[in-house]
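Have a look at the structure below, then the notes.
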Number of protein chains: 4
Amino acid sequence: MVSPDRLEQLLENIRAFVRERDWDQYHDPKNLTMAVASEAGELSAVLRWVHNDEADERAKSTHRGALEAEVADVAICLLMLCDRVGIDLVRAAHAKLERNREKYPVERVRGKADTPSA
Amino acid sequence: MVSPDRLEQLLENIRAFVRERDWDQYHDPKNLTMAVASEAGELSAVLRWVHNDEADERAKSTHRGALEAEVADVAICLLMLCDRVGIDLVRAAHAKLERNREKYPVERVRGKADTPSA
Amino acid sequence: MVSPDRLEQLLENIRAFVRERDWDQYHDPKNLTMAVASEAGELSAVLRWVHNDEADERAKSTHRGALEAEVADVAICLLMLCDRVGIDLVRAAHAKLERNREKYPVERVRGKADTPSA
Amino acid sequence: MVSPDRLEQLLENIRAFVRERDWDQYHDPKNLTMAVASEAGELSAVLRWVHNDEADERAKSTHRGALEAEVADVAICLLMLCDRVGIDLVRAAHAKLERNREKYPVERVRGKADTPSA
């Protein structure tokens with residue numbers, strides 16, 4: 001007997017939450033990408049005034065609750081979007097990692113961050 | 001015997017990708033929230049000029065590949081962030097849905113979208 | 001006698017606001033880009049559930065106050081950032097328009113929106 | 001004789017750029033808020049791997065060109081949005097600063113960054 005996947009269980013919870021509120025009518029892919037952007041903005045707000053050197057410590061203390069709430073909101077909106085358009089997010093992420101392995105070969109990028117082009 | 005969780009397998013793939021490139025040094029929580037915001041921005045770019053009425057159809061045709069790539073990037077950065085600070089994203093999302101159920105009771109919000117306060 | 005530029009007057013107001021609160025210590029360019037992302041996210045929230053066909057009307061009625069507040073926040077953070085690093089925003093925008101004129105020649109893009117590459 | 005305002009001149013340049021390409025049809029307020037979010041995401045990308053302690057220096061050297069280009073894009077989209085819905089951005093920013101002066105009184109916030117609520 002297979003135990004249900006954790007992500008699938010979360011999707012079921014999200015679908016029920018939306019269905020109870022009859023919010024599907026607002027959840028076309030365009031609106032949901034805006035929701036993701038909006039929640040990612042709230043996530044940015046949490047650590048915007050925190051110095052890099054303090055970020056790990058703050059993420060485990062004073063800013064913990066806010067971080068948990070905001071990563072959750074981003075994930076919920078992202079999963080709503082994937083569910084709406086039929087994307088398997090885990091499979092898409094594996095596929096993207098493969099493309100990134102080609103785009104950023106170890107011998108060229110090891111230990112170096114991307115520098116933007118002007 | 002329990003089969004490994006799909007999300008846990010994805011996390012293992014992400015950790016290997018980062019370790020191979022020695023990029024952990026850049027991945028403090030502050031930088032990773034910026035990465036999430038940046039990828040959410042790229043996701044917004046995909047559908048910005050697409051009309052609501054065409055969004056579902058486009059998400060399955062001309063804009064499919066770009067959507068898959070961008071939701072994947074958001075998910076990868078979000079999981080890196082959660083892994084760094086020790087947040088179980090699925091558990092955090094369930095907890096947030098419970099809070100949202102209290103914040104948006106069915107009898108008050110059914111069928112109605114949020115209106116912003118000025 | 002030259003009347004002072006409107007944008008310069010706004011910058012003076014912003015500088016005074018920050019100086020009164022001794023907030024310059026938090027306003028390095030990295031933190032301010034996060035502030036811009038955060039405010040752009042709040043701006044996204046305003047119209048996320050509004051249909052394209054209603055956006056113009058709503059922007060002038062129910063959602064007016066929220067829109068004004070959020071575009072203002074984005075502008076304030078953007079000007080703080082430019083002031084910190086010595087960028088003349090108006091000059092930079094003219095320069096970018098010139099580059100965009102080359103990147104998007106009229107004969108190729110007239111009437112057509114960008115389509116994302118996958 | 002009054003010399004034309006710098007911001008008004010920039011608006012004229014933006015309007016001409018859009019008119020030449022017949023892009024007004026895509027520029028309803030919803031699409032333009034997505035464009036702002038998308039450009040703010042690109043701005044976030046510029047400094048995401050740069051440490052706070054190096055941000056001022058990098059913003060004037062290696063990352064200068066990218067920063068100029070991205071703040072310009074945010075400003076252009078923001079001005080397009082304001083122009084579309086009839087918001088005077090400078091006036092809106094002054095008004096928001098007045099509200100922020102009430103929301104963040106000097107005696108309470110001096111020298112202290114906002115901490116997020118959980």
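Quick caveat, the model's predicted, so the values are computed rather than measured. Just the heavy atoms: all of them, side chains too, but no hydrogens, waters or symmetry mates, feed the values below. Numbers restart at 1 for each chain; the letters A, B, ... are given by sequence-line order, proteins then strands.
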Contacting region of A/Tyr26 [heavy-atom separation from chain B under 4.5 Å]: side chain

Pick from B/Cys82, B/Ala92, B/Ala55, B/Ala59 with the largest number of heavy-atom pairs that fall under 4.5 Å of chain A: B/Ala55

Chain B contacts, top residue of A/Leu47, A/Leu7, A/Leu67 (heavy-atom pairs, under 4.5 Å): A/Leu47

Largest heavy-atom contact set with chain B, pairs under 4.5 Å, which of A/Gln25, A/Lys60, A/Glu107, A/Arg101: A/Arg101

Residue selection (most heavy-atom pairs with chain A, distance under 4.5 Å) from B/Val90, B/Asn31, B/Val36: B/Val90

Proximity breakdown for A/Glu20 and chain B, heavy-atom pairs closer than 4.5 Å: both

Heavy-atom proximity to chain B below 4.5 Å, by part of A/Leu10: both

Which atoms of A/Asn100 approach chain B - backbone, side chain, both or neither, heavy atom under 4.5 Å: both

Residues, nucleotides or ligands: over 12 heavy atoms within 6.0 Å of B/Arg15 CZ: yes

Residue part contacting chain B, namely of A/Ile87, when any heavy atom lies under 4.5 Å: both

Toward chain B, the part of A/Arg48 with a non-hydrogen atom under 4.5 Å: backbone

Contacting moiety of B/Ala16, where chain A heavy atoms sit under 4.5 Å: both

Selection from B/Asp88, B/Leu81, B/Leu79, B/Asp53 maximising heavy-atom pairs under 4.5 Å formed with chain A: B/Asp88

Pick from A/Glu68, A/Glu54, A/Arg6 with the largest number of heavy-atom pairs that fall under 4.5 Å of chain B: A/Arg6

Heavy-atom contact with chain A under 4.5 Å, split by part of B/Leu97: both

